[in-house]
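Report on one structure; see the data block that follows.
Here the structure is a predicted model, which means the values were calculated and not measured.
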Amino acid sequence: MTWKKELDDLVQYRNAYFLAFSATTGYICFGWDIGLIGGVLALPSFQQYFGLDKESPSARAALSGNIVSVLQAGGFFGALASTWLASRLGRKPSLLISAVVFLVFSVIQSIVGMGSTPAVGLKVLYFSRFFGGVGVGLMAAIVPTYVSECAPRAIRGRCTGSIEVAVGLGNMLSFWVNYGVSLNIKPGEMQWRLPIIVQLIPGVLFFIFMLFQPESPRWLVERGRYEDAALSLSHIARQPPSSPAVQLTLSEIRADFVGKHKLSMFAQIKRMGENRITIIRCLIPSLLTFFQQWSGTNALNYYSPQIFASLGFSSTTATLLATGIYGVVKFAVTCLVLAFVIESWGRKRTLIYGGLAQGLMMFWIGGYAALHPQPTVVPTTYVSILAVYLYGVFFCLGWGFTPLVLGAEIAPSHLRPAVMALASGMTWLFTYVIAQITPIMLARVTYGTYLVFGAASVVMAAWVWVGVPETTAVGLEDVKWLFEGEWVRRAVGDSPGGAWVLGGRRALGAEELKRAAGVRAGGEGVEVVLGEGEDEELGKEKVRESQVINVDDPLII
């Protein structure tokens with residue numbers, strides 16, 4: 001793809017890109033929170049203020065795990081609550097609520113201990129991090145749904161994938177703020193309070209940006225607000241509401257929601273088991289986020305100062321500098337992958353190649369830690385540090401943001417809030433588990449910690465190779481066809497080397513299955529005929545429309 005084509009796409013889809021940018025600013029808060037606390041815990045001023053320096057190593061590890069993981073506990077409950085909020089109030093109001101919750105409890109975190117004893121301050125820190133996690137959990141669960149429902153399919157991977165860019169940016173900024181305060185602010189309260197205060201900035205920006213964005217057109221259709229949905233599509237596509245592109249997209253969304261309007265949270269959960277295909281489509285997003293957490297990424301995000309110290313860095317400043325460089329590497333690679341890889345390689349290749357490569361890096365680090373248990377610097381120390389950075393590169397290549405992209409695409413439209421809430425809840429649950437067990441594993445299992453993460457990465461790649469179909473450039477309403485018929489053979493055929501394994505046999509593609517079922521696909525000068533059904537809001541009516549449309553138009557499907 002040429003730079004001219006990239007610039008043309010940027011101009012054509014600028015409203016969609018800005019919508020994605022606005023929504024994913026919330027993920028900067030998420031990335032900041034998960035990158036912030038590890039560096040703050042490493043500051044001697046924080047340890048002295050709360051008395052952690054007086055505890056035994058095992059007690060200090062337990063306290064550190066509690067401080068880190070209480071945010072994940074809040075995030076888990078926030079993610080579960082997102083289903084009700086996003087379905088009842090809409091995506092946009094729910095995101096604004098999440099921003100307010102995050103900001104209020106971030107302010108409380110920044111003033112803990114003022115006017116009280118450090119012991120009371122520690123309890124307030126737990127409390128505020130838990131409810132701050134509720135806010136982050138809400139936004140983390142709703143943003144992928146909101147962005148995927150609004151983004152044109154031509155750039156849907158980039159728009160949804162920009163979530164991980166935001167996480168990487170938040171990580172990187174928090175790492176460097178931690179390094180900056182350790183270097184330039186003398187030990188004291190402000191040294192550890194300032195990184196917490198600065199995280200208010202992305203929260204405020206997120207709230208302001210979201211005020212000017214439209215509601216999800218798919219949520220509006222579900223509520224029977226078709227004129228508002230057309231206006232939302234019109235804004236994103238930068239075309240009049242009466243244009244063929246907007247009207248066709250609106251008709252397809254309406255047809256997909258026939259008989260599925262205003263499903264309650266319980267009804268959505270109940271419908272996840274209505275047939276085999278729906279069960280599979282609802283499980284895959286949660287499996288993706290489950291495996292993502294066992295890659296070891298959050299072990300590095302939360303405890304990278306301690307990990308770099310175990311590799312030979314002797315001072316707090318040096319470990320925070322190494323952590324800051326790790327954040328820059330991840331952010332830069334995420335941007336490059338988002339710009340040039342996610343749409344050209346597709347979802348499966350990034351997950352398979354990224355999983356195998358990051359697993360190899362974890363095996364190297366584990367082998368080094370086994371052979372050099374003492375934190376002394378030898379020539380292979382530098383190779384191991386490079387392996388940590390390469391792990392960040394390969395994680396960003398695949399398992400960093402592709403699970404969010406793929407999960408939001410695979411989830412059925414009428415069940416997407418519940419499915420993505422469960423997937424996000426899975427993320428928070430096992431982020432909590434990883435945050436709790438990592439310091440214990442590093443202290444007791446030592447090098448075995450990295451071997452566990454490496455083995456998990458290999459298993460992840462193998463599972464994607466066998467059981468996940470390719471969704472790149474497939475419309476959200478058409479993803480269901482990927483799971484029809486011999487979908488495992490289709491998934492293997494989409495994988496690297498899959499055609500060779502199948503010996504030339506292949507399953508029918510989505511477009512072939514649609515044609516076999518009598519559904520004609522849109523193309524230049526091709527008539528598109530939608531299905532018909534009952535609309536619960538307007539009574540019985542046909543939802544059959546014909547349009548002639550060019551596939552290069554910015555369709556929002």
Original post:
Is any side-chain heavy atom of Ile236 less than 4.5 Å from a side-chain heavy atom of Pro152?
Top reply: yes
**OP:** For the residue pair Leu406 and Val468, establish whether any side-chain heavy-atom pair is separated by less than 4.5 Å.
**Re:** yes
**OP:** Show the numbers, then the answer: is there a side-chain contact (heavy atoms from CB on, under 4.5 Å) between Trp465 and Leu356?
**Re:** CA-CA 11 Å; Trp465 194 90; Leu356 293 175; over 6 Å; no
Original post:
Is the count of non-hydrogen atoms from other residues, nucleotides or ligands lying under 6.0 Å from Tyr447 atom OH greater than 12?
Top reply: no
Original post:
Counting distance only, does the side-chain N/O of Lys92 pair as donor-acceptor with the main-chain N or O of Pro214 below 3.5 Å?
Top reply: no
Subject >> Arg238 side chain reached by Arg14 side chain, heavy atoms, under 4.5 Å >> reply: yes
Original post:
Do Leu95 and Tyr146 come close enough that some side-chain heavy atom pair is under 4.5 Å?
Top reply: yes
**OP:** Give a yes or no on whether the backbone of Ser286 and the side-chain of Thr289 come within a donor-acceptor separation of less than 3.5 Å.
**Re:** yes
**OP:** Could you list the residues that satisfy ring-ring contact (aromatic ring centres under 6.0 Å, His included) with Tyr27, not counting sequence neighbours?
**Re:** Phe30
Subject >> Chi angles and distances behind the side-chain contact (heavy atoms from CB on, under 4.5 Å) call for Phe206, Ser98 >> reply: CA-CA 10 Å; Phe206 173 57; Ser98 72; 3.8 Å; yes
Subject >> Considering all heavy atoms, the nearest Arg223-Ser87 contact >> reply: NH1-O, 3.3 Å
Subject >> Heavy atoms from other residues, nucleotides or ligands near CZ of Phe77 exceed 12 (cutoff 6.0 Å) >> reply: no
Original post:
Are the side chain of Ser148 and the backbone N or O of Thr145 linked by a donor-acceptor pair below 3.5 Å?
Top reply: yes
Original post:
When you measure from the side chain of Ser82 to the backbone N and O of Ala79, does any donor-acceptor pair fall under 3.5 Å?
Top reply: yes
Original post:
Hey, does the side chain of Asn15 reach the backbone of His235 with a donor-acceptor pair shorter than 3.5 angstrom?
Top reply: yes
Original post:
Where the side chain of Arg271 meets the backbone of Leu415, is there a donor-acceptor pair that is under 3.5 Å apart?
Top reply: no
**OP:** List the steps and the verdict of side-chain contact (heavy atoms from CB on, under 4.5 Å) for Ile410 and Phe483.
**Re:** CA-CA 10 Å; Ile410 286 178; Phe483 293 88; 3.9 Å; yes
Original post:
Would you call the rings of Trp294 and Phe453 parallel, tilted or perpendicular, where under 30° means parallel and over 60° means perpendicular?
Top reply: tilted
Subject >> Which atom of Thr24 lies closest to which atom of Cys159, heavy atoms considered >> reply: CG2-O, 4.4 Å
Subject >> Side-chain donor or acceptor of Lys348 paired with backbone N/O of Val464 under 3.5 Å >> reply: yes
Original post:
Val388: what forms a side chain to side chain contact (heavy atoms under 4.5 Å, CB included) with it, not counting sequence neighbours?
Top reply: Leu300, Phe308, Leu311, Tyr326, Ile365
Original post:
Under 3.5 Å, is there a donor-acceptor pair between the side chain of Ser424 and the main chain of Met420?
Top reply: no
Original post:
Under 3.5 Å, side chain of Trp428 to main-chain N/O of Ala73, donor-acceptor pair present?
Top reply: no
Original post:
Between Val419 and Leu422, is any pair of side-chain heavy atoms under 4.5 Å apart?
Top reply: no
**OP:** Check the pair Met361 / Val393 against side-chain contact (heavy atoms from CB on, under 4.5 Å), numbers first and verdict last.
**Re:** CA-CA 10 Å; Met361 294 303 102; Val393 169; over 6 Å; no
**OP:** Not counting sequence neighbours, which residues clear ring-ring contact (aromatic ring centres under 6.0 Å, His included) with Trp463? List them please.
**Re:** Phe291
Original post:
Under the ring-ring contact (aromatic ring centres under 6.0 Å, His included) test, which residues partner Phe76, sequence neighbours left out?
Top reply: none
**OP:** With sequence neighbours excluded, give me every salt bridge (Lys or Arg N to Asp or Glu O under 4.0 Å) pair touching residues 451-470.
**Re:** none
Subject >> Pairs involving residues 397-411, ordered by first then second residue, that meet salt bridge (Lys or Arg N to Asp or Glu O under 4.0 Å) (sequence neighbours left out) >> reply: Arg156-Glu409, Arg347-Glu409
Subject >> Side-chain heavy atoms of Met272 within contact of Pro412, under 4.5 Å >> reply: no
**OP:** Measure the shortest side-chain to side-chain distance between Leu138 and Phe102 over non-hydrogen atoms and say whether it is less than 4.5 angstrom.
**Re:** no
